[in-house]
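To start, the structure under review is shown below, and the notes come after it.
Positions are given from 1, in the same order as the sequence printed here.
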Amino acid sequence: MSESKGNSLTFRKDAELDLLSLGALVHRLDPGIIPFRKATQCAIHVSGGEFNVAANLSDCFGLRTGIASAMVDYPLGDLIAERVRAMGVKPFYKHFPHNGVNGPNMAAVYSDRGFGVRAPVVFYNRANEAAAQLKPGDFDWKAIFAGGVKWVHSGGIFAALSPTTSELAVEAMREAKAAGAVTSFDLNFREKLWKISGGNKHAVDVIGRIVENVDVLVGNEEDLQKGLGIAGPEVASKSKLDPRVFVEMIDRVVQKHPHVKVVATTLREVHSTNRHSWSAVAWMNGKTYTAPTAELDVYDRVGGGDGFAAGFFYGLLTGETPDVATKLGWAHGALLTTFPGDTTMATLEQVRAFAQGGSARIQR
């Protein structure tokens with residue numbers, strides 16, 4: 001084991017993978033700015049909150065990453081698996097056969113981009129989803145961790161898919177800590193998902209058991225309140241870019257989960273579908289680090305938060321200071337909103353340039 005320089009996280013020195021994610025793989029159908037009720041064609045983006053982090057870290061930041069997930073053996077599964085390979089992510093699949101009629105299925109997300117005053121619209125088909133059938137014991141963690149894994153990541157959307165996926169997330173974090181990995185969890189609280197998986201009280205109980213073995217939490221003040229069952233401060237934030245509400249909650253988070261070393265989130269003020277103010281804030285070692293505020297011209301907002309997480313994790317994994325790591329996450333998340341789809345098309349050079357105050361002047 002070796003301690004990274006510039007932050008308090010300790011990473012394995014000998015590791016085949018820099019990061020392993022546990023989560024559901026999905027495909028997103030995107031008709032662009034056309035509402036689905038009028039759509040005649042769609043682009044297909046392969047996604048999944050946890051996968052997006054692994055894909056971004058591999059493709060943009062050059063790290064060695066993997067994904068533990070469900071895979072259905074049919075053409076949609078083949079399409080998704082091809083994209084996983086294209087992003088350089090090593091798969092660890094539990095395979096499911098498709099019966100040719102009703103599944104199991106790879107989940108579909110339907111999301112138009114909206115435009116101007118018209119907000120994006122997102123809805124799902126997660127019926128008979130293979131990933132929701134994943135359960136403890138489906139992955140041989142000892143074999144997966146045998147070569148060493150520095151960081152293991154999962155999230156609240158996967159945990160909320162079913163009672164068995166939440167238990168699998170508990171198992172994965174416990175096994176990851178036993179194997180010497182740093183662990184992270186993106187709270188990503190989705191009330192609709194938890195409603196069909198036991199409700200808010202169950203969510204707090206389950207997430208609490210997951211977080212027992214988590215070092216790094218990602219989530220805004222609403223995620224912290226609903227996912228961890230922590231009361232918010234009485235003084236409301238004047239602006240969604242104001243980090244004070246988030247910072248005021250950190251003491252309560254650490255009091256309930258004293259082993260948590262890092263908490264971070266993006267800050268976003270939506271002026272219109274295509275115009276956002278964007279920042280980020282992180283807490284580490286009792287100190288708060290805030291990124292600048294950028295005015296974004298947004299092409300596709302989906303995946304911006306995962307883009308932040310990837311850049312932030314990269315900074316911490318490579319020994320950057322918390323301040324630099326926060327800015328790298330902020331910069332990568334901003335750049336990700338300029339591309340179609342959920343995963344990165346940015347280069348590390350672009351991320352570092354933007355994090356250091358770069359501009360959109362033409363590169364000749």
Side-chain angles (χ1 to χ4, degrees), residues 1-13 15 17-19 53-54 56-65 149-153 180-187 214-221 224 241-244 246-251 253-254 257-268 278-294 304-336 344 346-359:
M1 308 282 282
S2 67
E3 186 159 333
S4 63
K5 299 173 184 176
N7 62 68
S8 63
L9 298 178
T10 302
F11 301 105
R12 291 184 62 112
K13 198 170 186 179
L17 290 177
D18 295 302
L19 178 136
V53 174
N56 294 339
L57 281 168
S58 171
D59 189 77
C60 175
F61 297 98
L63 299 188
R64 298 160 300 175
T65 67
V149 178
K150 291 183 181 180
W151 190 307
V152 175
H153 177 65
V182 166
T183 53
S184 60
F185 190 77
D186 190 332
L187 289 163
V214 167
D215 300 305
V216 180
L217 275 177
V218 179
N220 60 29
E221 59 269 20
L224 297 175
L241 295 170
D242 186 346
R244 284 180 296 177
F246 175 81
V247 172
E248 287 175 33
M249 293 189 67
I250 296 299
D251 286 342
V253 172
V254 176
H257 300 286
H259 55 281
V260 170
K261 299 180 178 69
V262 182
V263 189
T265 189
T266 58
L267 303 170
R268 188 195 305 247
W278 170 265
S279 187
V281 59
W283 173 91
M284 191 172 188
N285 301 330
K287 296 182 180 179
T288 303
Y289 306 89
T290 305
T293 298
D306 300 328
F308 164 76
F312 182 60
F313 294 176
Y314 169 78
L316 297 179
L317 274 161
T318 54
E320 300 284 4
T321 64
D323 180 58
V324 171
T326 303
K327 289 175 181 174
L328 287 169
W330 163 81
H332 184 249
L335 286 168
L336 206 141
T344 192
T347 66
L348 179 54
E349 291 74 20
Q350 289 172 330
V351 174
R352 287 199 178 278
F354 192 83
Q356 293 167 7
S359 72

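Remark: side-chain polar atoms of Thr293 are not paired, donor with acceptor, to backbone N or O of Trp278 under 3.5 angstrom. Distance alone, capped at 3.5 Å, is enough to place a donor-acceptor pair between the Asp242 side chain and the Arg244 backbone. Asp18 places no side-chain N or O within donor-acceptor distance of the main-chain N or O of Thr65, the cut-off being under 3.5 Å. Looking at Asp215, its side chain never comes within 3.5 Å of a backbone N or O of Lys261 through a donor-acceptor pair.
Annotation for Ala331 and Ala355: closest pair CB-N, 3.6 Å, computed over non-hydrogen atoms. Annotation for Val281 and Thr290: closest pair CG2-OG1, 3.8 Å, computed over non-hydrogen atoms. Smallest separation of non-hydrogen atoms from Lys150 and Ala15: CG-CB, 3.6 Å. Scanning both residues, Pro322 and Met284, for their nearest heavy atoms gives CG-SD, 3.5 Å. Shortest non-hydrogen contact noted between Val152 and Ala181 is CG2-CB, 4.0 Å. The shortest non-hydrogen separation linking Phe312 to Ala264 is CE2-CB, 3.7 Å.
A distance of 8.5 Å separates CG in Leu187 from CG in Asn220, rounded to the nearest 0.5 Å. Between Lys287 atom NZ and Asp323 atom CG the span is 11.0 Å, to the nearest 0.5 Å. The structure places NZ of Lys327 at 11.5 Å from OH of Tyr289, a figure rounded to the nearest 0.5 Å. The OG1 atom of Thr288 lies 8.5 Å from the CH2 atom of Trp283; values are rounded to the nearest 0.5 Å. How far CG of Leu316 is from CH2 of Trp151: 5.0 Å, rounded to the nearest 0.5 Å. Taking CG of Leu317 as the reference point, atom CG of Leu9 lies at 8.5 Å (rounded to 0.5 Å).
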**Study point:** Check against side chain to side chain contact (heavy atoms under 4.5 Å, CB included), Leu328 and Arg352
**Key:** CA-CA 7 Å; Leu328 287 169; Arg352 287 199 178 278; 4.1 Å; yes
Practice item. Could you please spell out the steps behind the side chain to side chain contact (heavy atoms under 4.5 Å, CB included) verdict for Leu336 and Asn56? Key: CA-CA 10 Å; Leu336 206 141; Asn56 294 339; 3.7 Å; yes
Check your understanding: Going through the distances and angles, do Val216 and His153 end up as a side chain to side chain contact (heavy atoms under 4.5 Å, CB included)?
Key -> CA-CA 9 Å; Val216 180; His153 177 65; over 6 Å; no
**Study point:** side chain to side chain contact (heavy atoms under 4.5 Å, CB included) evaluation trace for Tyr314 with His332
**Key:** CA-CA 10 Å; Tyr314 169 78; His332 184 249; over 6 Å; no
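Applying the salt bridge (Lys or Arg N to Asp or Glu O under 4.0 Å) test to Asp186 and every residue at least two apart in sequence or in another chain returns nothing. Evaluation of the side-chain contact (heavy atoms from CB on, under 4.5 Å) rule for Ala280 yields Ala291, Phe308, Thr326, Trp330 as partners, not counting sequence neighbours.
For the pair Phe61/Thr344, no side-chain contact is recorded, criterion being any heavy-atom separation below 4.5 Å from C-beta on. No side-chain heavy atom of Val218 sits under 4.5 Å from any side-chain heavy atom of Ser184.
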